[in-house]
Amino acid sequence: MAKMTKKQMETLVDFGYRSLMAEKFDGYANKAVKAEDWDEFGSCMKACYRNADIAVKAARELGMTDKQIDDVCASLLVWAKFHNEKAAA
């Protein structure tokens, strides 16, 4: 197996971090729903979508397929899609 470059390692770490943050913000959003705090819910989902988009871009840079991304977190592609649709609107 070829040795990873520093850039590839940084991209992999960024992918992992952003994936984790997307999942964390989704969890915070779920807590906000239970508390009926809709402003917090919107803020958390926006952060979730933004982190998912960055994670998916990093995954693509690493050459990951949709299946591989889904294996890490099944919601990342959906969240990233929501982020891009909001940005385009």
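Residues take their numbers from the sequence shown, with the count starting at 1.
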In this structure, CG of Asp53 is separated from CG of Asn84 (nearest 0.5 Å) by 4.5 Å
Contact between Met64 and Val72 at the side-chain level, heavy atoms closer than 4.5 Å - yes or no? yes
Distance-minimising heavy-atom pair for Arg50 and His83: CA-CD2, 3.4 Å
Considering only distance and modelled atom types, tabulate donor-acceptor pairs under 3.5 Å from the side chains of residues 23-48, sequence neighbours left out.
residue, atom, partner, partner atom, Å
Asn30, ND2, Asp26, O, 3.3
Asp37, OD1, Glu40, N, 3.2

Given salt bridge (Lys or Arg N to Asp or Glu O under 4.0 Å), test Asp66 with Arg60 step by step and report yes or no. CA-CA 9 Å; Asp66 285 357; Arg60 298 281 186 239; 2.5 Å; yes
Which distance, rounded to the nearest 0.5 Å, do you find between the CD1 of Ile69 and the NZ of Lys67? 12.0 Å
Kindly write out the residues that satisfy side chain to side chain contact (heavy atoms under 4.5 Å, CB included) with Ser75, not counting sequence neighbours, or none if the list is empty. Cys73, Trp79
With side chains defined as the heavy atoms from C-beta onward, is the minimum distance between Phe15 and Leu76 less than 4.5 Å? yes
Quick check: closest heavy atoms across Ala80 and Val56, and the distance to 0.1 Å? CB-CG2, 3.8 Å
Rounded distance [0.5 Å steps], CD in Gln68 versus CG in Leu62: 10.0 Å
Is Tyr49 reachable from Val78 through a run of I, L, V, M, F, W or Y residues, each pair having side-chain heavy atoms under 4.5 Å apart? yes
Evaluate the side-chain proximity of Lys81 to Leu77: yes if any heavy-atom separation is below 4.5 Å, no if none is. no
Heavy-atom pair with the smallest gap, counting every atom of Gln8 and Lys3: OE1-O, 4.4 Å
Would you say the side chain of Lys57 lies within less than 4.5 Å of the side chain of Arg18, judging by non-hydrogen atoms? no
